[in-house]
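Just below is one structure, and these are the notes that go with it.
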Protein chains: 2
Amino acid sequence: MQSLQEKASEWSGVSQNDAFEIDNTNLFQKLGLQTFINLSTNFYTRVFDDEEEWFRLIFANSKKEEAIQNQYEFFVQRMGGPPLYSQRKGHPALIGRHRPFPVTHQAAERWLHHMQQALDSVTEIDADSKTKMMNFFRHTAFFLVAGDELKNRNQGVPCKHGASKPAASMT
Amino acid sequence: MQSLQEKASEWSGVSQNDAFEIDNTNLFQKLGLQTFINLSTNFYTRVFDDEEEWFRLIFANSKKEEAIQNQYEFFVQRMGGPPLYSQRKGHPALIGRHRPFPVTHQAAERWLHHMQQALDSVTEIDADSKTKMMNFFRHTAFFLVAGDELKNRNQGVPCKHGASKPAASMT
């Protein structure tokens, strides 16, 4: 069985090495906190205004300001800065926390479309950092698609309408 | 609804702040790679030999050497060292990757019992580091119990035996 990270590489076209190139430099030191705030603000402004209703509706139960803060705090923490996210919310647990959202291939591509536009709009981000970040985002988006597909496995969850044996044994 | 991290604090008795005290020091620099290898080796030797069969069986499909490496690489990465885990496996995604395991309250306590013994056995670990690590482990163990309970919510997964509407709307 393919692992989550193997699926992420295959579907995103970004190797594990390229995705985690962000660990060989310190993008937080290079870009600074305000750049990350600007990036996430730009990104979620696009998302909450998306003309594609199916995508916009994924965020219908989210508060924009909260989404922005969650995102830039995670980026800062993951890209060499202080652990802002964990201090406030604990483990990123990316798959677990994306569980309420339908992270399909199509949704990943739409997320990446907005992120590419946001990266291009925030002029403080140099071309090299942009490439590194986009590789990380692309790989991660499809890592979450792979994580999302685990939901359909329905492991160990007894079905309310079937017999008493767990659903996992029925597949 | 209580968040994952609120449940983790309540069930573990360890506040978010105490759990992430590990971020205010660099335990990797203080203890070194070999100490983390020793800790995980000691821990999994106990787990794979556990007299409690129900707990030992949780690891029946795991290879001991692999479990050891996964664990110490994650600890090293999370406690101030190089990102060994992500270079090899990608995002820790703690909840997603624990999905195959039944992380119950009882299993968390048994895991912590063995980890306490392992910490006490590895003499290179000073008392202060031990306290910080145990707070982190205790909070994290119950964070994963909270994550495990999400499986029972069965969010958005259509039941094979029910009507065509998703299970989420049936709860």
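Order of the sequence lines fixes the chain letters, A, B, ..., with proteins taken first and strands second; residue numbering starts at 1 for each chain.
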Region of A/Thr140 in contact with chain B, defined by heavy-atom distances below 4.5 Å:
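Both backbone and side chain.
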Measuring heavy-atom distances to chain B, does A/Leu144 have an atom under 4.5 Å in its side chain, in its backbone, in both, or in neither?
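Neither; nothing under 4.5 Å.
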Does the side chain of [X] reach to within under 4.5 Å of the side chain of [Y], using non-hydrogen atoms?
| X | Y | value |
| --- | --- | --- |
| B/Phe20 | A/Arg88 | no |
| A/Asn17 | B/Gln87 | no |
| B/Ile95 | A/Arg99 | no |

Is it the backbone or the side chain of B/Phe101 that comes under 4.5 Å from a heavy atom of chain A, or both, or neither?
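Interface part for B/Phe101: neither.
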Take a 6.0 Å sphere around CG of B/Asn24 and say whether it holds more than 12 heavy atoms from other residues, nucleotides or ligands.
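Correct, the count exceeds 12.
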Around atom NZ of B/Lys64, are there more than 12 heavy atoms of other residues, nucleotides or ligands at under 6.0 Å?
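Atom NZ in B/Lys64 is crowded, with more than 12 foreign heavy atoms closer than 6.0 Å.
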Look up atom NE2 in B/His91 and atom CZ in A/Arg78, then write down how far apart they are to the nearest 0.5 Å.
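Answer for the NE2-CZ pair, B/His91 versus A/Arg78, is 6.5 Å.
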So, taking the atom named CZ in B/Arg97 and the one named CG in A/Leu150, what distance separates them when rounded to the nearest 0.5 Å?
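Those atoms lie 10.0 Å apart.
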Would [X] end up clustered with [Y] when hydrophobic side chains under 4.5 Å apart are linked, directly or stepwise?
| X | Y | result |
| --- | --- | --- |
| A/Leu57 | A/Phe43 | no |
| A/Val76 | A/Met115 | yes |
| B/Val14 | B/Leu27 | no |

Please check if the side chain of B/Gln16 supplies one atom and the backbone of A/Ser86 the other of a donor-acceptor pair under 3.5 Å.
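Judged by distance alone, yes, a pair lies under 3.5 Å.
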